[in-house]
Each structure stands twice: as C-alpha cells, then as structure tokens.
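Single-structure report; data block below.
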Amino acid sequence: MSKSSQCVVIGIAGASASGKSLFAKSVYQEVSDELGVECISVISEDSYYKDQSNMTMAERVRTNYDHPQSMDHALLVEHLKMLKAGHAVELPQYSYHEHTRLTQTRHFKPTQVILLEGILLFTEKSIREQLDASIFMDTPLDICLARRVERDVRERSRSLESVLAQYHLTVRPMFKQFIEPSKQYADVIIPRGGKNRIAIDIIKTRIRHLLASSEEKN
Ligand SMILES: Nc1ncnc2c1ncn2[C@@H]1O[C@H](COP(=O)(O)OP(=O)(O)O)[C@@H](O)[C@H]1O
Ligand SMILES: O=c1ccn([C@@H]2O[C@H](COP(=O)(O)O)[C@@H](O)[C@H]2O)c(=O)[nH]1
C-alpha cells in the first residue's frame, strides 16, 4: 500500500462466540479471492490482551478477560494510528493456552481495508474514533454460549466446567455491563452470526466501493 492510499478500518464487535471471527474470515476470504490478498487483512482485538508473563498461571486464570482493563487498548490505538499513517506495526501474538502474550510478534503492514474484530472495541471512545465503519454481531447469548463451549473445549484447551464457571462469573456479567450497551455505537447490526449471507454481501459491496473510490483518488 502506498503512503498516499487510504487505510479503512472496519470494526466488528459483539459477544464472545457471536461469530465475529467467522464473519471477518468470510469477508476476508471472499474479498481477497476477488481483489487480491494485498488489499485486505484481519486484526483481532484479542492480540492486545495485556502481557501477563510476570504472573503465575494460577493468577492468570483468575483474570477477568471480559473487562476493558484486561486489554492494552492504548497500544491498539497507537497501532491503528500508525497503520492509518502507512506504517507497519509489530502485532502482539496472544496464547489462550498460556493466558499471555507470546514473545514473538507479527510484522504487519497496512492494507487498504483492515477488519478489526473484538468483544470490547466499541467500549472505548479512542478506538471508536479510529473506526471508519462499525458492525455489531447481534447473536442471542444462549447460542453464543453453546458455540463458545464447543469452540473453547475444541480449540482453547478448556474443560466444560471451566467454560461454564467463567461464563457465569465474568463473560455474561461483562457482556451486560460493557458489550451490550456498546451496540449503540454500531452503524450496522447483524443478526445470527458469522454465516449471515446477506450481511457478508452488503459489507463486501461497501468494501468494493471504498476500494474503487480510493483508486480514483490515487
Ligand atoms: N452462523 C453460524 N452458524 C454456525 N456456527 C457458527 C456461526 N457463526 C459462528 N459459528 C461458530 O461458532 C464458534 C464461535 O464463532 P467465532 O466466529 O469464533 O466467534 P467470535 O469471534 O465472535 O468469538 C466458531 O466455532 C464458529 O465456527
Ligand atoms: O486468556 C484468555 C483470553 C480471553 N479469554 C476469553 O476470550 C473471549 C474473547 O475472545 P472471542 O474470540 O471473542 O470469544 C473473552 O470472552 C474471554 O473470556 C479467555 O478465556 N482467556
């Protein structure tokens, strides 16, 4: 991407397991198949969970990962500003198994469109100010819970008991306190989740327009 090109950031928020990643992955796959991998990329807010390498595993397990303070949002905002200015960043890598950042980072160059997905994105004004469009995945919580149980047991090395205990202790209460109220900041609210075909097509059309108007300007 040349420095004069625009870098558009589309935020995708919503409950855990509401389908944010799947939605972002589907849009990314289809747009990159059509227009090339160099024009679009995905960043997960989860990469910006705070580094907890100085804590014991017992302490890390007790962290409330659904509270805005668990995230290094200042670093995320700094990175978004750099990407929009045409500079590459060192993207942190997070391990759900270790509950902390990995030592290695990922060298990440700006693309014309960045899909940024995460539960707490719209709760921070400083992040909202960096978003060019905001999408909220409005999937019923019982469906999110069922999907989270399956995903976390399969992919995040969790037991059924630990997923359910965390859900009651932090996931649901923090959704009610922080995430659900942040829906008011969305431009588009998408029901059901990551496989909503019409919603994927609408966002792809918007992206095509953004890319076409950015080409005209250059
Ligand atoms: N519409 C859907 N139908 C069926 N499964 C879905 C749907 N949307 C998401 N999933 C599945 O639910 C799980 C959680 O979705 P994911 O995209 O990881 O959620 P999030 O990123 O919001 O936490 C994944 O295993 C995903 O494949
Ligand atoms: O170490 C961790 C970090 C995060 N979590 C949980 O992850 C979800 C957010 O990720 P999604 O992909 O949006 O589901 C959040 O609800 C945290 O509770 C974790 O369990 N452990």
Side-chain angles (χ1 to χ4, degrees), residues 11-25 42-77 79-80 91-102 115-128 130-131 134-186 189-194:
I12 306 168
S16 171
S18 57
K20 304 178 298 295
S21 314
L22 184 62
F23 188 81
K25 209 165 110 187
V42 180
I43 295 179
S44 172
E45 184 192 28
D46 292 5
S47 300
Y48 292 85
Y49 273 115
K50 285 180 181 161
D51 180 38
Q52 301 196 119
S53 51
N54 59 341
M55 292 163 63
T56 65
M57 186 53 97
E59 287 168 333
R60 291 180 203 174
V61 169
R62 286 198 295 273
T63 298
N64 178 349
Y65 294 100
D66 293 83
H67 192 284
Q69 278 178 7
S70 62
M71 298 278 182
D72 191 347
H73 278 153
L75 183 64
L76 172 59
V77 170
H79 281 183
L80 292 176
L91 205 69
Q93 302 291 293
Y94 188 77
S95 163
Y96 298 101
H97 306 274
E98 302 297 325
H99 302 288
T100 191
R101 273 189 205 164
L102 302 174
L115 303 171
L116 174 65
E117 62 86 14
I119 52 174
L120 293 159
L121 294 175
F122 301 167
T123 65
E124 296 279 354
K125 187 165 181 276
S126 57
I127 299 177
R128 295 198 302 270
Q130 299 303 318
L131 303 178
S134 306
I135 300 169
F136 191 92
M137 305 301 290
D138 203 10
T139 309
L141 268 196
D142 58 340
I143 293 176
C144 294
L145 173 59
R147 288 180 186 163
R148 179 164 166 140
V149 167
E150 275 190 39
R151 183 198 61 190
D152 284 8
V153 169
R154 193 181 58 233
E155 293 171 20
R156 297 188 181 175
S157 328
R158 305 290 297 275
S159 66
L160 172 63
E161 293 71 24
S162 79
V163 177
L164 293 179
Q166 186 187 17
Y167 181 79
H168 292 298
L169 192 65
T170 59
V171 179
R172 190 176 189 284
M174 297 299 105
F175 173 81
K176 291 287 174 197
Q177 187 176 343
F178 295 107
I179 303 170
E180 192 172 48
S182 77
K183 184 161 78 173
Q184 65 180 301
Y185 300 111
I189 295 173
I190 296 180
R192 292 189 299 283

Under 6.0 Å from the CD atom of Gln184, do we count more than 12 heavy atoms belonging to anything else shown? yes

Contact summary for Gly19 and Met137, nearest pair of heavy atoms: O-CE, 3.9 Å

For the backbone of Leu116 and the side chain of Lys20, can you confirm whether one donor and one acceptor N or O come within less than 3.5 Å of each other? no

Verify the distance criterion only: is there a donor paired with an acceptor across the side chains of His67 and Gln177 at less than 3.5 Å? no

So, does Lys183 use its side chain to make a donor-acceptor pair with the main chain of Ile189 at under 3.5 Å? no

Test item: Glu117 side-chain N/O and Glu45 main-chain N/O as donor-acceptor pair under 3.5 Å: no

Looking at Arg156 and His97, would you say the former's side chain and the latter's main chain have a donor-acceptor pair under 3.5 Å? no

Taking 4.0 angstrom as the limit, do Arg101 and Asp72 come out as a salt bridge? yes

State whether the side chain of Glu98 and the backbone N or O of Ser95 hold a donor-acceptor pair below 3.5 Å, judged by distance alone. no

Taking atom types as modelled and ignoring hydrogens, do the side chains of Thr100 and Asp51 form a donor-acceptor contact shorter than 3.5 angstrom? yes

Going by the angle between their ring planes, with limits at 30° and 60°, are Phe136 and Phe122 parallel, tilted or perpendicular? tilted

Closest heavy-atom pair, Ala13 versus Leu121, reported as atoms and distance to 0.1 Å, is CB-CB, 4.5 Å

What is the ring orientation for Tyr94 with Tyr49, classed by angle as parallel under 30°, tilted 30 to 60°, or perpendicular over 60°? tilted

Do NZ/NE/NH1/NH2 and the carboxylate oxygens of Glu155 and Arg151 come within less than 4.0 Å? no

Polar side-chain atom of Ser162 near backbone of Arg158 as donor-acceptor pair, under 3.5 Å: no

